[in-house]
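Quick notes on the structure that follows.
Sequence lines set the chain letters: A, B, ... in the order given, protein chains first and strands last, and positions in each chain run from 1.
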Amino acid sequence: MVEGSRNRDPGVSLDDMIEEQRRAASSVILKPIDLEGVSLVGGVDVYHSGGYSHASAILYDIRSKTVVSRSSSLAEEVFPYLPGFLYRRERRLMVEAVRGMESSPDLLLVDGHGLAHPRGAGVAVFVGLDLMMPTVGIAKSLLVGRVGARENFHAPLMIDERLVGYMVGREGSKKYYISPGNLITVEDLPDVASLWDFRYPEVLREADRESRRKRMIG
DNA sequence: GCGACAG
DNA sequence: ATCTTGTCGC
């Protein structure tokens, strides 16, 4: 068991989790995505409050800028927040919420990191493998890595000498970090971020709002 | 040993 | 991420 916390899955050791992450990292499929074929973009986020976790998934038509479908799932909080192990806390509920939508997204945005993780296996990697669909991790702050020289609205995010993602954001606005989850490459990401003009993606804003709203209701 | 640390 | 009042700045 991991020291310093109760309230976690019984029988799961830190070594088990690290091993699970290594397996996930080696299972990831980094292949170019067909951007032309992306019209439905999904976003998923989890809100934790009062011992419960609420996930909301939103399906968004990027062309008409309208919400096509919403889905939520609720569960008791199953795991504490441990930096580097967010997947234990949010993965299952995120996958449930996405599966509850009326159709599958062409690309799913996950609140959290993907490849930009100490073992290359952030929550966006797990969700992408579980659903076997293209995912990208979108995080509001950095877990690991260093940011290189900016060009236009993005700057490379490096772990050691390896490019694992980008810092993205327009001049004067809050930056965020984007990295591959599954079925997409790092090189795709600048074009992907251009889909929403390098601003923080509206579909994730909506997923965030929706998951908070669920907490207020029940 | 110390600091850093997605949500 | 949550718990939380008033307060400062665009």
Please state whether the rings of A/Y176 and A/Y200 are parallel, tilted or perpendicular, taking 30° and 60° as the class boundaries.
-> perpendicular

Parallel, tilted or perpendicular: rings of A/Y87 and A/F126 (30°, 60°) = parallel

Expressed in angstrom and rounded to an integer, what is the separation of [X] atom [atom1] from [N] atom [atom2]?
X: A/L142; N: B/dA6; atom1: CG; atom2: P; answer: 9 Å
X: A/I159; N: B/dA6; atom1: CD1; atom2: C1'; answer: 12 Å
X: A/M17; N: B/dC5; atom1: CE; atom2: P; answer: 20 Å
X: A/R91; N: C/dA1; atom1: CZ; atom2: P; answer: 22 Å
X: A/R212; N: C/dT4; atom1: CZ; atom2: C1'; answer: 14 Å
X: A/F85; N: B/dA4; atom1: CZ; atom2: P; answer: 19 Å
X: A/L86; N: B/dG7; atom1: CG; atom2: P; answer: 8 Å
X: A/H54; N: C/dA1; atom1: NE2; atom2: P; answer: 15 Å

Presence of salt bridge, [Y] and [X], under 4.0 angstrom:
X: A/R199; Y: A/D197; result: yes
X: A/D130; Y: A/R92; result: no
X: A/R209; Y: A/E206; result: yes
X: A/E96; Y: A/R99; result: no
X: A/K65; Y: A/E202; result: no

Respond yes when some side-chain nitrogen or oxygen of A/S141 is under 4.0 Å from OP1 or OP2 of C/dA1, and no when none is.
-> no

May I ask you to verify if any side-chain N or O of A/Y177 is less than 4.0 angstrom from the OP1 or OP2 atom of B/dA6?
-> no

Near-strand residues of residues 105-130 of chain A, defined as heavy-atom separation under 4.0 angstrom from DNA chain B | A/D111, A/G112, A/H113, A/H117, A/G122, A/V123

Positions of residues 178-199 of chain A (non-hydrogen atom under 4.0 Å from DNA chain B), listed by number = none

Pick base, sugar-phosphate or nothing for A/G137, based on heavy-atom distances below 4.0 Å to the nucleic acid.
-> nothing

Do A/S13 and A/D16 get their side chains close enough for a donor-acceptor pair, meaning under 3.5 Å?
-> yes

Hey, mind stepping through A/D111 and A/K140 against salt bridge (Lys or Arg N to Asp or Glu O under 4.0 Å) and telling me if it holds?
-> CA-CA 8 Å; A/D111 193 323; A/K140 298 168 208 71; 2.8 Å; yes

